Amino acid sequence: TARGAVLARGRLGVAWTGTAVAEGERLLKDGRRGQAVAMPDSLALRRDGAASKRLGTLYWHGEGVLRDRQKAVSYLETAAHRGDIEANALLGAYHYGSADDNSLDRIQAEPYLLAAAAGGHAESCAALGRMYYASGGAMKTLAIPYLAKAADAHIPESAALYGGMLLRGDGVRRDYRLGNYYLNAASRAADPDVDLLVGAAYLEADIPGTALPHLMRAPEGGRKDAGHALGSILPHSQEPASPPAPHSPKPPAPYGHPV
C-alpha cells in the first residue's frame with residue numbers, strides 16, 4: 001500500500017542516516033576530519049545532533065578543515081535546536097560578539113545564550129549579564145542572576161559588575177560586605193579592563209579613596225580612558241597617591257559567597 005511504502009522509505013532513511021553517522025564518527029575518531037566532512041552522506045550527519053555539533057565545531061575552529069564560520073553555524077544550529085549546550089553557547093557568542101549595541105544580532109543571540117545559560121554555561125551567563133546590564137533601566141535587573149552565576153564561576157568582569165551593583169544597591173539590597181568581596185575577587189585578575197570596572201564601581205558608590213588604586217592601575221595596563229575618572233579624584237587629593245602594590249602571586253580564593 002501507499003502507506004506501507006512511505007513507512008518502508010522512512011525506515012530505510014533512518015538506517016541510511018545511522019550508517020552515515022557511524023561512518024562519520026569513525027572517521028572523526030580516527031582523526032580523519034577532512035574525510036568526514038567530505039563524505040557524500042554529510043547531509044545525514046546534519047540530521048544527527050551530536051555529529052552535527054562535532055562538524056560545526058571543526059569548521060568553527062578550523063580543525064582539519066578550512067575555518068568557515070558560515071558552515072559552522074549551519075551545522076551548529078542543528079545541534080542547538082536539539083538542546084546541545086555547547087552549540088547554543090557558540091552560536092550565542094557568534095551573534096553577540098559580531099553585533100553592535102543596537103544590532104538585531106543581539107536579539108538573535110539572546111535565545112541561544114539563554115539556552116546555554118540554563119544548562120549552566122558560565123560564559124553565556126556572563127554574556128547575558130553584560131547584555132542586560134548595558135541595556136539599563138528595567139532590563140538591568142535581569143542581569144543580576146546571570147552576573148551572580150558568572151561571578152561565582154570565577155569570571156572577573158561579572159564579579160566587578162555584580163559587586164558594584166551590590167555596593168550601590170542597584171536593583172538589589174545594598175550589601176557593602178558582599179559587594180567588597182566580589183570586587184576584591186575581581187581585582188585579583190590583574191586585568192586593566194577589570195581594574196577600570198572595579199574603580200568605577202567604587203567611584204559610583206562615592207568611595208573615591210578605594211577607587212583610586214584601581215583606576216591608577218588601569219592606565220598602566222593600557223586603559224588610557226581611566227584618565228577621566230582619575231582626573232575627578234586627584235584634584236581633591238592633598239598629595240599624589242603612590243602606585244598600588246603589585247598583585248599577589250598567590251592564586252585567587254574561590255568566589256562563592258563568604259561564610
Side-chain angles (χ1 to χ4, degrees), residues 101 113-114 117 120-223 225-237 241-259:
D101 286 341
L113 291 173
L114 285 169
H121 193 270
E123 291 290 348
S124 295
C125 287
L128 278 171
R130 189 185 316 120
M131 183 168 65
Y132 292 142
Y133 185 93
S135 298
M139 292 290 289
K140 199 171 182 180
T141 59
L142 296 177
I144 295 169
Y146 296 107
L147 289 176
K149 288 179 182 178
D152 286 335
H154 302 249
I155 298 181
E157 181 194 28
S158 298
L161 293 175
Y162 183 49
M165 294 182 80
L166 287 165
L167 210 63
R168 299 188 302 273
D170 188 1
V172 293
R173 184 170 60 87
R174 179 173 289 177
D175 190 326
Y176 285 108
R177 177 172 171 269
L178 196 56
N180 274 307
Y181 174 80
Y182 280 106
L183 289 170
N184 287 333
S187 69
R188 296 191 190 106
D191 183 323
D193 294 333
V194 175
D195 278 322
L196 185 58
L197 287 174
V198 172
Y202 281 118
L203 196 58
E204 290 170 8
D206 200 23
I207 313 176
T210 309
L212 186 57
H214 299 286
L215 293 174
M216 290 185 69
R217 188 181 294 124
E220 293 174 2
R223 287 303 300 255
D225 48 345
H228 177 72
L230 277 170
S232 68
I233 300 175
L234 290 176
H236 304 289
S237 302
S242 57
H247 286 284
S248 169
K250 296 180 181 179
Y255 274 38
H257 289 253
V259 179

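Values in this document were obtained by computation on a predicted structure and should not be read as measured data.
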Atom pair [atom1]/[atom2] of [X] and [Y] - distance to nearest 0.5 Å:
| X | Y | atom1 | atom2 | result |
| --- | --- | --- | --- | --- |
| Leu161 | Leu147 | CG | CG | 5.5 Å |
| Met139 | Tyr133 | CE | OH | 14.5 Å |
| Leu128 | Lys149 | CG | NZ | 10.0 Å |
| Met165 | Glu204 | CE | CD | 11.0 Å |
| Cys125 | Ile155 | SG | CD1 | 7.5 Å |
| Tyr202 | Asn180 | OH | CG | 4.0 Å |

TODO: Report the C-alpha distance between Leu167 and Arg174 in whole Å, list the side-chain angles of each, state the deciding distance to 0.1 Å, and finish with yes or no for side chain to side chain contact (heavy atoms under 4.5 Å, CB included).
DONE: CA-CA 6 Å; Leu167 210 63; Arg174 179 173 289 177; over 6 Å; no
Task: Derivation of the side chain to side chain contact (heavy atoms under 4.5 Å, CB included) call for Asp193 and Glu157 - done: CA-CA 8 Å; Asp193 294 333; Glu157 181 194 28; over 6 Å; no
- [ ] Give a yes or no on whether the backbone of Ala205 and the side-chain of Arg168 come within a donor-acceptor separation of less than 3.5 Å.
- [x]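 Side chain of Arg168 to backbone of Ala205, a donor-acceptor pair under 3.5 Å: no, none is there.
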Closest approach of [X] to [Y] (non-hydrogen atoms, all atoms of both residues):
| X | Y | value |
| --- | --- | --- |
| Ala122 | Ala150 | O-CB, 4.0 Å |
| Ala151 | Ala159 | CB-CA, 3.6 Å |
| Arg173 | Leu166 | O-CD2, 4.2 Å |
| Ser124 | Ala117 | CB-N, 4.0 Å |
| Pro156 | Val194 | CB-CG2, 3.9 Å |
| Ala160 | Leu183 | O-CD2, 3.4 Å |

Task: Close side-chain approach of Leu215 to Asp195, heavy-atom, < 4.5 Å - done: no
- [ ] Keeping to residues at least two apart or across chains, list the side chain to side chain donor-acceptor pair (under 3.5 Å) pairs with something in residues 134-146.
- [x] Lys140-Asp170
Open item on the list: Do Tyr162 and Asp152 pair up side chain to side chain, a donor and an acceptor below 3.5 Å, judged on atom types alone?
Closed with: no
